[in-house]
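Since the structure comes first, as structure tokens, the remarks are kept for the end.
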Amino acid sequence: MARINDSYLKLQAGYLFPEIGRRVKAFSDANPEAKVIRLGIGDVTRPLAPAVLKAFHEGVDDLAKSDTFHGYGPEQGYDWLSQIIIDKSYKPLGVDLKISEVFISDGSKCDCANILDIFDLGNKVAICDPVYPVYNDTNVMIGRTGAANQQGYYEGIHYMPCTGANDFTPEIPKEKVDVIYLCYPNNPTGAVATREVLKQWVDYARANDAVILFDAAYEAFITEPAIPHSIYEVEGARECAIEFRSFSKTAGFTGVRCGLVIVPEELTGTTADGKSYSFNKLWNRRQTTKFNGVSYPVQKAAAAVYSDEGWPQVRETIDYYMANARIIREGLTAAGISCYGGVNAPYIWLETPDRISSWDFFDKLLNECHVVGTPGSGFGHSGEGYFRLSAFGDKKNVETAVQRIKDKWGK
Ligand SMILES: *Cc1c(COP(=O)(O)O)cnc(C)c1O
């Protein structure tokens, strides 16, 4: 019999979303007349922008004729897509990138997971708590950790609690770690990092020969002009950071699938015999061996996101979601509930009234307001007593949900 990868058995059951589904179904069965509003989802709901859809269709039509047909494309993505991303999205930030530093992919979840291929298992990894579970679980699966303790912390990982006490800003490790996951704007807390905070991380990483894995999936939702959209806006980041971006939340590509990874040429790590080696070369080798590129019509659609016609349409949808975020944030605040995020991110992270447990608040919100959200404890130990509401819904539903919460808790 072939041996399995036992590391998978260390994972705790992914119970969060099934458990939410179970409780909502039980409630709906018992209260068939109740109109339940779901603000728990981390998925977008608005359709693709017209210019994006048009380019997508044109890409498909190209495949119908032999003179415009496209077979395998470059594993790293088409140059025309990388170039438009560099020109339209990075240059305006003052960030210069080469096409060879941009790797187009089928999304950030895979990229965040696959990047572990090019790091030695002996590296010490630092992860925020609460966190997007992919960072944690992929490290468990690949065999970097021991078992989980009662708090759900795995042996061997350095966890960085993010709570109201530290303004949801992780403390820079006192000891040496080798790989640091940062996600800004943050899912689930909606927190952002200022340039000063990012600079501290870059300084730490350079002083400790560490690599920052920077997940910028929500950069397009930043509304405050001083907040950096890319870690490369910070001097020195090219020597210590890999950045992930996704078209999923930015342009409604959760079902279409397209993302990108930036691996700067200056970024190096150490070989077993102490020499320095390029992570860009390793990632290129990894992708050319294990990946065959993103489909041509999808890349055409992605390029249209940054076209003169597409970008204002894409922005309009982002603004729609951020208007929802504002309605939620202001409504909760008016009801006397402390909440965070929702200014530069489509998530509102609230403190449960009277600090009841995240799941107790889930039940209360469902039973009394018929509103569904996500218990903060599902994102990690330090998420206990917090709760996530998402702005990716329909405006009318968001307004109704907020009114119900105000009626219940507002004085
Ligand atoms: C949604 C999300 C992503 C994007 O995932 P895709 O695979 O590109 O759809 C990445 N990171 C975080 C934190 C997210 O919430």
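These numbers were taken from a predicted model, which means no experiment stands behind them. Start at 1 and go down the list; that is how both ligands and their atoms are numbered.
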Show me the donor-acceptor pairs, under 3.5 Å and distance only, between side chains in residues 183-192 and residues at least two apart or in other chains.
| unit_1 | atom_1 | unit_2 | atom_2 | d |
| --- | --- | --- | --- | --- |
| Asn186 | OD1 | Thr189 | N | 3.1 |
| Asn186 | OD1 | Thr189 | OG1 | 3.1 |
| Asn186 | ND2 | Cys183 | O | 3.0 |
| Asn187 | OD1 | Arg388 | NH1 | 2.8 |
| Thr189 | OG1 | Ala191 | N | 3.2 |

Practice task
Look at the rings of Tyr159 and Tyr153 and say which category their plane angle falls in: under 30° parallel, 30 to 60° tilted, over 60° perpendicular.
Solution key: parallel

Practice task
Kindly assign one of parallel, tilted or perpendicular to the pair Phe253 and Phe247, based on the angle between their ring planes and the thresholds 30° and 60°.
Solution key: tilted

Show me the side-chain donor-acceptor pairs of residues 71-86 shorter than 3.5 Å, one per line, residues at least two apart or across chains.
| unit_1 | atom_1 | unit_2 | atom_2 | d |
| --- | --- | --- | --- | --- |
| Gln76 | NE2 | Asn284 | OD1 | 2.7 |
| Gln83 | NE2 | Asp87 | OD1 | 3.1 |

Donor-acceptor pairs under 3.5 Å, side chain of residues 359-368 to any protein atom, not counting sequence neighbours: which ones?
| unit_1 | atom_1 | unit_2 | atom_2 | d |
| --- | --- | --- | --- | --- |
| Asp360 | OD2 | Ser357 | OG | 3.4 |
| Asp363 | OD1 | Arg23 | NH1 | 3.1 |
| Asp363 | OD2 | Arg23 | NH1 | 2.9 |
| Asn367 | ND2 | Asp363 | O | 2.7 |
| Glu368 | OE1 | Lys408 | NZ | 2.9 |

Fill in the blank from the handout: Distance filter under 4.0 Å, heavy atoms only, around ligand 1 gives Gly107, Ser108, Lys109, Tyr132, Tyr135, Cys183, Asn187, Asp215, Ala217, Tyr218, Ser246, Ser248, Lys249, Arg257

Exercise for the section: Verify the neighbour count for atom CG of Asp354: are there more than 12 heavy atoms of other residues, nucleotides or ligands below 6.0 Å? Expected result: no

